[in-house]
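Read through the structure below, which is laid out as structure tokens, and then see the notes.
For clarity, every value in this text was computed on a predicted model and none was experimentally measured. In what follows, every chain begins at residue 1, and chains take the letters A, B, ... in the order their sequences are listed.
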Number of protein chains: 2
Amino acid sequence: MKRPTIHDIAREAGVAKSTVSFALNGLPGVSEATRQRILAVAGELGWQPSRAARALSAAQAEVVGLVLARPTGLLEVEPFFMRLIAGVEAALGADDIGLLLQVVGDDPQHELEVYRRWWGQRRVDGVLVVDVRVDDQRLPVLAELGLPCVLVSSEVPGSGLTSVGLDTKAAMVAAVAHLRALGHTRIARVSGHADFQETVLRDRAFAETAGPDAVIVAADYSGERGAAATRDLLLSGQPPTAIVYDNDVMAVSAVGVAAELGLDVPGDLSIVAWDDSPLCRLPHPALTAISRDIPGYGAAAAGALLRVIHGERVPDAVFGIPELVVRGSTGPA
Amino acid sequence: MKRPTIHDIAREAGVAKSTVSFALNGLPGVSEATRQRILAVAGELGWQPSRAARALSAAQAEVVGLVLARPTGLLEVEPFFMRLIAGVEAALGADDIGLLLQVVGDDPQHELEVYRRWWGQRRVDGVLVVDVRVDDQRLPVLAELGLPCVLVSSEVPGSGLTSVGLDTKAAMVAAVAHLRALGHTRIARVSGHADFQETVLRDRAFAETAGPDAVIVAADYSGERGAAATRDLLLSGQPPTAIVYDNDVMAVSAVGVAAELGLDVPGDLSIVAWDDSPLCRLPHPALTAISRDIPGYGAAAAGALLRVIHGERVPDAVFGIPELVVRGSTGPA
DNA sequence: CTGTTAGCGCATTCAT
DNA sequence: ATGAATGCGCTAACAG
């Protein structure tokens, strides 16, 4: 009544353990007849390989890790991560690789500590790294540790680490062009964490697209900061007629701010969200948004990680084509 | 330049492997002097235990699993899970137990398949089970497999499985009492998945509190269904003046519906959300909500799971005291 | 084609 | 107090 082992199968089938191992792993060196018999016995016994034993022997955990390092107040309402994870697991599932998740506060030291432990104990074979910052202090450590990883981020030239990115520029162009076409000239943007690399890229893309003096107010992806930034913009001397937000959460909060100030959306203010999670359909009017295939993105990143773990040298990649989904929150200037 | 093992430490310190093992694990049978020397050497060498070896030897994965089985459209915007996970890991971190996460579509068979694999391969030592349904088909399987688990749910009498729940009745009473005090008499409720056990409990609590003929419209936690239910209610012959929602997402969408219908919140409609995630502060007015310590709840459930894994018989428990946080979305009838 | 054997790194029992 | 020996379940190199 205990877990059957290869040894049990061997005894039951009247062959040697190694024969069983070969048969089970589809390796040559076993006659088709014996292989079938072994498989049958394994099936009857309900045998499943022991992960621990396999991991020890193969020196492979068959697990990849993901650390989420944001204050939970930010994490829990940010749909991006669950969507990413869903995609990651789709790619991992085929090889039956597990995903070890760790959410740590906002402490980069803590995050590095997790990587050191995970890799030191070979608890994971590699990790996916999100929220890459400018001059990210994690990157050199990761490189030095030799922990296989893929940056879920645009490329980071000096790092020597593989990245899988999204086309930020194209997305920004789509958003701004849409607003321009509606006649907007005073277009502003409320950005995410100022020291995320992605934010800097969007800053640049926005400046190149909306003009160098287009206003950007820095926020941090949270509803609070997003709302505050929106208030600042709308109560300023020259309020914008359209605002592009760096995520859905801040864009949703902007609808609230408009209501609070008695402004009509999109009559007085057009709003563009970024990511296009189901959050965009919560407010009225529903939000026009930059839409990207986040699950697909996660799957691509996970696929790249598997190859990196496998020892391949994987080139940086850019995933997918952003699209603008027009809903009620944008209208003529 | 490769990973040091206990053997290396033993050689370096001039003792036997077992002595090193004893010293490292704080077991008696080693002189204090040797212990110190061994610890010093281990530190110099940067030794870390191999998880795979330890797991094989101890027949313990030191990992617990969590399967999330909802359509991703629902998962990604539901803050509950990330908050729960944050709490779970807080409890797991102390013992350095990992959390293996698996998101599967909406397929209960698929979920059971995951449990069978995880347990068959001893990839996890136990699991946390969420979204418990009425006559949940997973429960007997879990019990039969002998996979240690804790239901993140109110108790399920016949199941033989340990549960950690929240005080649903108290929460409902708080919500309804608040609305009653404001003079509301036509109070309705928009519920989550009809076949979740929690929904049934809330149905009953609502009927007991708001009166047996208080209207309940069944939805599924999604913004779409929540909005549709709200529309149904508000466009009916006797529209309610207050609605209690089973989660934050549907409550936020209700603000949108009110705006769409030209109704004032809370002037024409009072809204109570359930969970009190940061989502509640996104709309204007901000949402009054039933607040529960979800991270704490997750930690409690994880703690119970650890004890179950340890072989203890853990009694069902109810965690924490729900509170009503009053914000702008509720007002006099 | 099949069986024997020796690790993987750690825990632990049993002698010394 | 310390060291030698064995097993966890699987893989793989080797000999038969």
Side-chain angles (χ1 to χ4, degrees), chain A residues 1-39 41-42 45-63 96 117-125, chain B residues 1-39 41-42 45-63 96 117-125:
Chain A
M1 205 52 195
K2 50 190 282 285
R3 266 169 57 82
T5 70
I6 280 195
H7 187 78
D8 298 321
I9 301 178
R11 187 163 29 69
E12 199 74 16
V15 296
K17 289 194 304 182
S18 59
T19 307
V20 175
S21 183
F22 279 21
L24 257 18
N25 296 3
L27 297 178
V30 189
S31 74
E32 197 46 36
T34 12
R35 180 186 307 272
Q36 289 308 331
R37 188 156 43 87
I38 287 171
L39 290 178
V41 172
L45 263 42
W47 178 85
Q48 310 239 101
S50 152
R51 277 297 169 169
R54 179 197 293 256
L56 179 61
S57 173
Q60 275 256 331
E62 300 195 273
V63 169
D96 198 25
R117 273 213 317 274
W118 276 357
W119 186 234
Q121 306 180 173
R122 288 300 186 275
R123 205 171 191 158
V124 300
D125 298 318
Chain B
M1 204 53 197
K2 50 189 280 287
R3 265 170 57 81
T5 72
I6 280 196
H7 188 79
D8 298 321
I9 301 178
R11 188 164 27 68
E12 199 74 15
V15 297
K17 291 195 301 184
S18 58
T19 307
V20 174
S21 184
F22 279 21
L24 256 19
N25 295 3
L27 298 178
V30 188
S31 74
E32 197 46 36
T34 353
R35 180 186 306 271
Q36 289 307 331
R37 188 155 45 87
I38 287 171
L39 290 178
V41 172
L45 262 43
W47 177 85
Q48 311 240 101
S50 152
R51 221 65 197 202
R54 179 196 294 256
L56 180 59
S57 174
Q60 275 258 327
E62 301 196 272
V63 170
D96 199 25
R117 274 213 317 276
W118 277 357
W119 185 235
Q121 307 180 171
R122 291 298 188 273
R123 209 173 191 165
V124 300
D125 298 319

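- Across the protein-nucleic acid pair, A/Glu32 atom CD and C/dT2 atom P stand 11 Å apart, rounded to whole Å.
- Remark: the A/Ser18 side chain and the C/dT5 base include no donor-acceptor N/O pair separated by less than 3.5 Å.
- The distance from atom CG of A/Leu24 to atom C1' of D/dG9 is 12 Å, rounded to the nearest whole Å.
- For A/Thr19 and C/dC1, the shortest distance from a side-chain N or O to OP1 or OP2 is not below 4.0 Å.
- Here D/dA1 is the nucleotide among C/dG9, D/dG9, D/dA1 with the atom lying nearest to any side-chain atom of B/Ser31.
- Base contact: B/Leu56 has a heavy atom under 4.0 Å from a base atom.
- Both the sub-6.0 Å distance and the 45° axial angle are satisfied by B/Arg122 relative to the ring of B/Trp119.
- In this structure, the CZ atom of A/Arg54 is 19 Å from the P atom of D/dC8, given to the nearest Å.
- When heavy atoms are screened at a 4.0 angstrom cut-off, B/Ser50 is found touching the sugar-phosphate backbone but no base atom.
- Going from atom NZ of B/Lys17 over to atom P of D/dA4 covers 10 Å, rounded to whole Å.
- In this structure the side chain of A/Trp47 reaches within 4.5 angstrom of the side chain of A/Ile6, judged on heavy atoms.
- Here the side chains of B/Thr5 and B/Lys17 are not in contact, with every heavy-atom distance at 4.5 Å or above.
- Between the CG atom of B/Asn25 and the P atom of D/dT2 there is a distance of 16 Å, rounded to whole Å.
- The CD1-C1' distance, from B/Ile6 to D/dA4, rounds to 15 Å in whole Å.
- As judged by a 4.0 angstrom heavy-atom cut-off over every strand, B/Ser21 is placed among the base-contacting residues.
- Look at CZ on A/Phe22: it is 12 Å from C1' on C/dT4, rounded to the nearest Å.
- The side-chain heavy atoms of A/Arg54 and B/Gln121, taken from C-beta on, include no pair separated by under 4.5 Å.
- Taking atom CG on A/Asp8 and atom P on D/dG9, their separation rounds to 9 Å, with Å as the unit.
- Counting heavy atoms from C-beta on, the side chains of B/Arg51 and B/Asp96 come closer than 4.5 Å.
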